[in-house]
There are 2 protein chains.
Amino acid sequence: MENVKEERDTCRCNVIHSDIVDKVKAEMPAEERLAQMAELFKVFGDFTRVKIICALLDEEMCVCDIASLLDMSQSAISHQLRVLRHARLVKYRREGRVVYYSLDDEHVKNIFGQSLLHVSHR
Amino acid sequence: MENVKEERDTCRCNVIHSDIVDKVKAEMPAEERLAQMAELFKVFGDFTRVKIICALLDEEMCVCDIASLLDMSQSAISHQLRVLRHARLVKYRREGRVVYYSLDDEHVKNIFGQSLLHVSHR
DNA sequence: TATACATATGAATATATGTTCATATGTAGG
DNA sequence: CCTACATATGAACATATATTCATATGTATA
């Protein structure tokens, strides 16, 4: 039968389909990859950062441009750009006093495209 | 010139490329869409939920299966499944006492595929 | 070198969120 | 009906995180 009693600390259910569990466990990506994916989505999962990324999909922009576009403080934008920088999603170049940011990733466009489709699709 | 002084509450910078800002503003998706995207990514942006979704990419599973797979409490899994339910990312069917969950979305596979590529790619 | 300006950053605060614990709900079987 | 079991849920707690405020850093220019 497929109902096998397993002794685990956390789950004392009797109805465990251990064959399914084992199969899925074998096919799942490595824990580290999954953790990295969660981190990536966490970076995407903020309204301000979504707007910044969408803006940078089209154009390179300086910090002030972005602050103006989103009607937010320079400080708030700068903090968020640091998050995006640390996630290596944006790159920047300095031109005098002005720092220009742009996207540094090939996959972001696809991911955001799919996501836009998703939220538009209902 | 492109340096135009704009009076805004939040940004008092002098170097605003207002042509760029206007262009990007015109091309950006609607605020509501961007907010929905952020919400979607927020749901994806948790290690536990990433693991649940990845598991359900392959197989339909009951709550207990998932708890066993992730070695977490039934309660924790149930709470997270509720989040996924409210985001309409999973559907469920009841069979006696057991509730089986599966993915309820076409785009998730693509988004997760791209993201896995992304994190594997460096 | 003194000032102005664009950006970065540390600390503080407020808010959001994930897990645990206890318990409720719903269903099958004796 | 009473028990067992799978799942759901509310409250509490701990932790993470986004913005603000004040200030530091770095660069150009008078």
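Bear in mind the structure is a predicted one, so any value in this text is a computation, not a measurement. Numbered from 1 within each chain, the chains take letters A, B, ... in sequence-line order.
In this model, no side-chain donor or acceptor of A:Gln74 finds a partner on the base of C:dA6 within 3.5 Å. Put simply, the side chain of B:Ser75 and the base of D:dT9 share a donor and an acceptor less than 3.5 Å apart. One can find a donor-acceptor pair under 3.5 Å joining the base of D:dT20 and the side-chain atoms of A:His79.
Rounded to a whole Å, the CZ atom of A:Arg49 is 15 Å from the P atom of D:dA16. The nearest whole Å value for the distance from the CD atom in A:Glu95 to the C1' atom in C:dT7 is 15 Å. Distance, B:His86 NE2 to C:dA16 C1': 17 Å, rounded to whole Å. Between B:Tyr92 atom OH and D:dA8 atom P there is a gap of 8 Å when expressed in whole angstrom units. Distance, B:Met72 CE to C:dG18 C1': 8 Å, rounded to whole Å. The separation between B:Gln80 atom CD and D:dA8 atom C1' is 14 Å, rounded to whole Å. Taking atom CG of A:Leu81 as the reference point, atom P of C:dA6 lies 16 Å away to the nearest angstrom. The distance from atom NZ of B:Lys51 to atom P of C:dG18 is 13 Å, rounded to the nearest whole Å.
The side-chain tip of B:Arg85 points at the ring of B:Tyr92 from less than 6.0 angstrom away and within 45° of straight on. Seen from the ring of B:Phe47, B:Lys51 counts as a face-on cation partner, given the 6.0 Å and 45° thresholds. Remark: A:Arg49 is not positioned above the aromatic ring of A:Phe44, lacking an NZ or CZ atom under 6.0 angstrom from the ring centre and at most 45 degrees off the axis.
Residue-level contact check: A:Phe47 touches neither bases nor backbone, having no heavy atom under 4.0 Å from any strand. Contact annotation for B:Tyr101: backbone-only contact, meaning every heavy-atom pair under 4.0 Å involves sugar-phosphate atoms and none involves a base.
In this model, the phosphate group of C:dG29 is not approached by any side-chain N or O of B:Arg97 to a distance below 4.0 Å at OP1 or OP2. Within the 4.0 Å cut-off from OP1 or OP2 of C:dT19, at least one side-chain nitrogen or oxygen of B:Thr48 is found. One finds a side-chain N or O of A:Arg85 lying less than 4.0 angstrom from the OP1 or OP2 phosphate oxygen of C:dT9. Look at A:Ser78 and you won't find any side-chain N or O under 4.0 angstrom from OP1 or OP2 of C:dT7.
Nearest-nucleotide positions on DNA chain D place B:Arg82 closer to the 5' end than the other of B:Arg82 and A:Val83. Between A:Lys42 and A:Ala76, the one whose closest nucleotide on DNA chain D sits nearer the 5' end is A:Lys42.
With salt bridges taken as basic N to acidic carboxylate O contacts below 4.0 Å, none links A:Arg33 and A:Glu31.
In this structure, B:Leu116 and A:Pro29 have side chains that are in contact, with non-hydrogen atoms separated by less than 4.5 Å.
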